[in-house]
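Below is one structure; the comments refer to it alone.
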Amino acid sequence: MGVSGSPLGLENSVTAGIISAKNRRLQVAKRLYEEIFQTDAAINPGNSGGPLINLNGEVIGLNAFIIQSSQCLGFAIGIDALKQQLDQYVFK
C-alpha cells in the first residue's frame with residue numbers, strides 16, 4: 001500500500017504502508033468517520049487527501065488524517081464509502 005503527494009512542497013513523495021485495520025469507526029471532533037482504514041503509511045501535510053493504493057495500483061482509499069497523540073496513526077476513507085458520497089455530485 002502506499003501514499004503519494006508533495007509534503008511541504010517537496011517534489012513527489014511515495015511511502016509504503018500496511019493496513020493494520022479495516023472498518024474502523026472514529027469520532028474526531030464532532031465528525032464520525034465510519035468504515036475507514038488504519039494504516040502506518042506516512043500522511044503528512046501535502047499528501048493528505050491523496051490516494052491510498054494497493055500493490056496493483058488500484059485506489060482503495062483517500063488518505064484523510066493522522067492522530068498525532070497516538071504516535072501518528074494514519075487513517076484513510078475507503079473507496080466504497082467515497083463512491084457512495086460521490087454519486088450525489090456526479091451528473092448522469
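All values below were derived from every heavy atom in this structure, side-chain atoms included, with hydrogens, water molecules and symmetry-related copies excluded. Source: prediction; values computed, not measured.
- A donor-acceptor distance shorter than 3.5 angstrom exists from the side chain of N63 to the backbone of P51, with no hydrogens or angles considered.
- Rounding to the nearest 0.5 Å places NZ of K22 at 13.0 Å from OG1 of T39.
- Within the 4.5 Å cutoff, the side chain of F65 has heavy atoms near those of the I36 side chain.
- In this structure, the separation between CG on D80 and CD1 on I60 is 10.5 Å, given to the nearest 0.5 Å.
- Side-chain contact between I19 and D40 is absent, with no heavy-atom pair separated by less than 4.5 Å.
- Checked by atom type and distance alone, the side chain of N23 never pairs as donor or acceptor with a backbone atom of E35 at under 3.5 Å.
- To the nearest 0.5 angstrom, I77 atom CD1 is 5.5 Å from L62 atom CG.
- Looking only at distances, no side-chain donor or acceptor of N56 sits under 3.5 Å from a matching main-chain atom of E58.
- Evaluation of the side-chain hydrogen bond (donor to acceptor under 3.5 Å, both in side chains) rule for Q27 yields no partner, not counting sequence neighbours.
- Interatomic distance, CZ of F75 versus CG of L26, reported as 5.0 Å (0.5 Å rounding).
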